[in-house]
Amino acid sequence: MAKLALSDEILMAVDKPSRYIGHEINMVEKDPASVDVRFAMCFPDVYEIGMSYLGIQILYDMFNRREDTWCERVYSPWPDLDHVMREQHIPLFALESQSPVRDFDFLGITIQYEMCYTNILQILDLSGIPMLSRDRVKGDTIVIGGGPCTYNPEPIADFFDIFYIGEGEEEYDALLELYKKYKHTEMSRREFLILASGIPGMYVPSLYEVTYNEDGTIASVTPEDPRVPTSVRKVVVTDFEKAPYPMAPVVPYLRATQDRVVLEVMRGCIRGCRFCQAGMIYRPTRQKPVDLVKSYVGTMLKNTGYDEISISSLSTSDYEGLPELMDFLVDRIEKDHIQVSLPSLRVDAFSLDVMKKVQDIHKVSLTFAPEAGSQRLRDVINKGLTEEVILDGVTQAFTGGWNKVKLYFMMGLPTETKEDVEGIPELCEKISEVYFDTVPKEERVGSLSITASASYFVPKPFTPFQWAPMMPRATYLEHAGYAKDHFRRMRNIKRMKFAYHDEDISLIEGIYARGDRRLSALILEVYRRGGIFDAWTEFFRMDRYTEALEALGIDQEFYLTRERSLDEILPWDHIDCGISKTFLKREWERAKQETVTSNCRERCSGCGAASFTEGPCPAMS
């Protein structure tokens, strides 16, 4: 058992010390002397959040199957421990061996959310790894990033040696083999990075020169070496059935955000919502055979001790094996007394029937995501959900015994007007009327509760809205206040609650989401001013960003509120996610025309994702 990096005195003084001690169930231990590559897998947020991320569990299992590699885990220390580590000069360490991260060959950081960018610098700083990639030399840890934010890696380009674009199961073996040659020869760090850039999916930002026009837009992105590709195409798992999957995931000591067995049944989404980055970048849709998923259940429950299972995908209702899988799981519920969590379900007759079998309907809210209040705006965003379908769904739900409904909306969507905002409380009112019209008074158990929340829409790369302006802060607040006032006029307002998200965090997210590599200076400046855990409202301070933007002379409106022209070179244009720009432009124009595009199973829209597969797109099969 490795000696703990933190003393008992420190552990007793910080919040939740079990975040830092390792030795959880299914943790992998190896002899450092027996491996050639040591890989620290990092989630730049607190332990409970990071332990809930399936991607790290998959890569942790995959790396540790290699005899020559030991993959360990590291998370962001909570601010109380961060202070102690700086004061006492304790280097950041990995959980398994408690060894300093700076002693590892690789630091792999998964980047799920733009507001974790300052935590990336926290990780590097506490580790003693030079924060800027240009300051690293041979012998320093290779810093590699992965995850959805790497589809526009430019704002954090200065801090990373490599970005892995795509799904991690495919090309890491090739990178590790190349690294071993680099490690045991006189190969220079630059030569290693040039050769690494030749591996599919590997983007090395330091090997590209970016020039700018006088108006601040990008003039060119050019490789500095002829061996470096002009664009980097994402890598995709084409044989999803044979992809590695952890049968014995690490079980945390304390309750994580997702503290259960996770069954990934599908990747990608057929729906084509124009606001959704995940629905675009994870195409094409691929499904696991239902018999394979069923075979996971017993083994994973036994190896973890969990009594709850969650089904994971972007749109679980679109998994074609769901009816058979649910019959199987309902049988396990009765035999083994387990629970099943079902996120991402459309509310239809089948889904409601399933939920009645697996949930306590008097305690669990039913969740809808209309996203927009009016049908016009739902057509703009291609939500594929009509008011008739929504009201029919809640009718069935209320008849089935539900009386709590949660509704998720966005405000600030392209073309949004006050009339669209009015639709949010009006839809809630119609839902309340359905309840009182459907459920006889003598059959009502408890009281009706309708909770509506609205987030501030942030346009993202590789979506049809990547060219759209972000709604100005003042307009967003005006619309939010208008919605709140309109709620007060509803007849059943006592049954309703409405809340909208903090605008400042969304504004910074918007700057980063479509930013260029000049923003690395902003992240560094905010970090130097004390910014960490900016994804947490209790730690986020807008004044840090306002002061840093002013000090650096950065015009935030350049990144936020201007509409990009269709011929502008976007910061991420040299990244190829497999979705054609022609398709995205066409969808942007269709959005302006309020025209709906069919989902992938109804009609192929020619997005380009079929190029990753042999034969027809899996969504059409």
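The first residue of the sequence shown is numbered 1, and numbering continues consecutively from there.
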Quiz prompt | Which residues share a ring pair (Phe, Tyr, Trp, His ring centres under 6.0 Å) with Tyr282, sequence neighbours left out | solution = none
Quiz prompt | All pairs passing side chain to side chain donor-acceptor pair (under 3.5 Å) where residues 492-510 contributes a residue, at least two apart | solution = Ser432-Asn492, Lys460-Glu509, Arg473-Glu503, Arg473-Asp504
Self-check item: side-chain contact (heavy atoms from CB on, under 4.5 Å) against Cys269, all qualifying residues, sequence neighbours excluded
Solution: Arg271, Leu314, Ser315
Practice problem: Tell me, please, which residues at least two apart from Asp543 pass side-chain hydrogen bond (donor to acceptor under 3.5 Å, both in side chains). | Solution: Arg541
Self-check item: Residue pairs, two or more places apart or on separate chains, that pass ring-ring contact (aromatic ring centres under 6.0 Å, His included) and touch residues 303-336
Solution: none
Quiz item: Taking only residues two or more places apart in sequence, or in another chain, which ones meet Tyr60 in a ring pair (Phe, Tyr, Trp, His ring centres under 6.0 Å)?
Solution: none
Practice problem: Please identify each residue that fulfils salt bridge (charged side-chain N to carboxylate O under 4.0 Å, His left out) with Arg590, with sequence neighbours left out. | Solution: Glu587
Quiz prompt | Arg19 side, atom CZ; Leu81 side, atom CG - distance, nearest 0.5 Å | solution = 9.5 Å
Quiz prompt | Which residues share a salt bridge (charged side-chain N to carboxylate O under 4.0 Å, His left out) with Lys406, sequence neighbours left out | solution = none
Quiz item: Taking only residues two or more places apart in sequence or in another chain, which ones pass salt bridge (charged side-chain N to carboxylate O under 4.0 Å, His left out) with Asp331?
Solution: Lys335
Quiz item: Quick one: ring pair (Phe, Tyr, Trp, His ring centres under 6.0 Å) partners of Tyr245, sequence neighbours excluded?
Solution: Tyr296
Self-check item: Residues in salt bridge (charged side-chain N to carboxylate O under 4.0 Å, His left out) contact with Lys302, at least two apart in sequence or another chain
Solution: none
Practice problem: Any ring-ring contact (aromatic ring centres under 6.0 Å, His included) involving residues 413-437? Give me the pairs, sequence neighbours left out, ordered by first then second residue. | Solution: Phe398-Tyr435
Quiz item: Looking at side-chain heavy atoms only, is the closest gap between Trp588 and Gln466 below 4.5 Å?
Solution: no
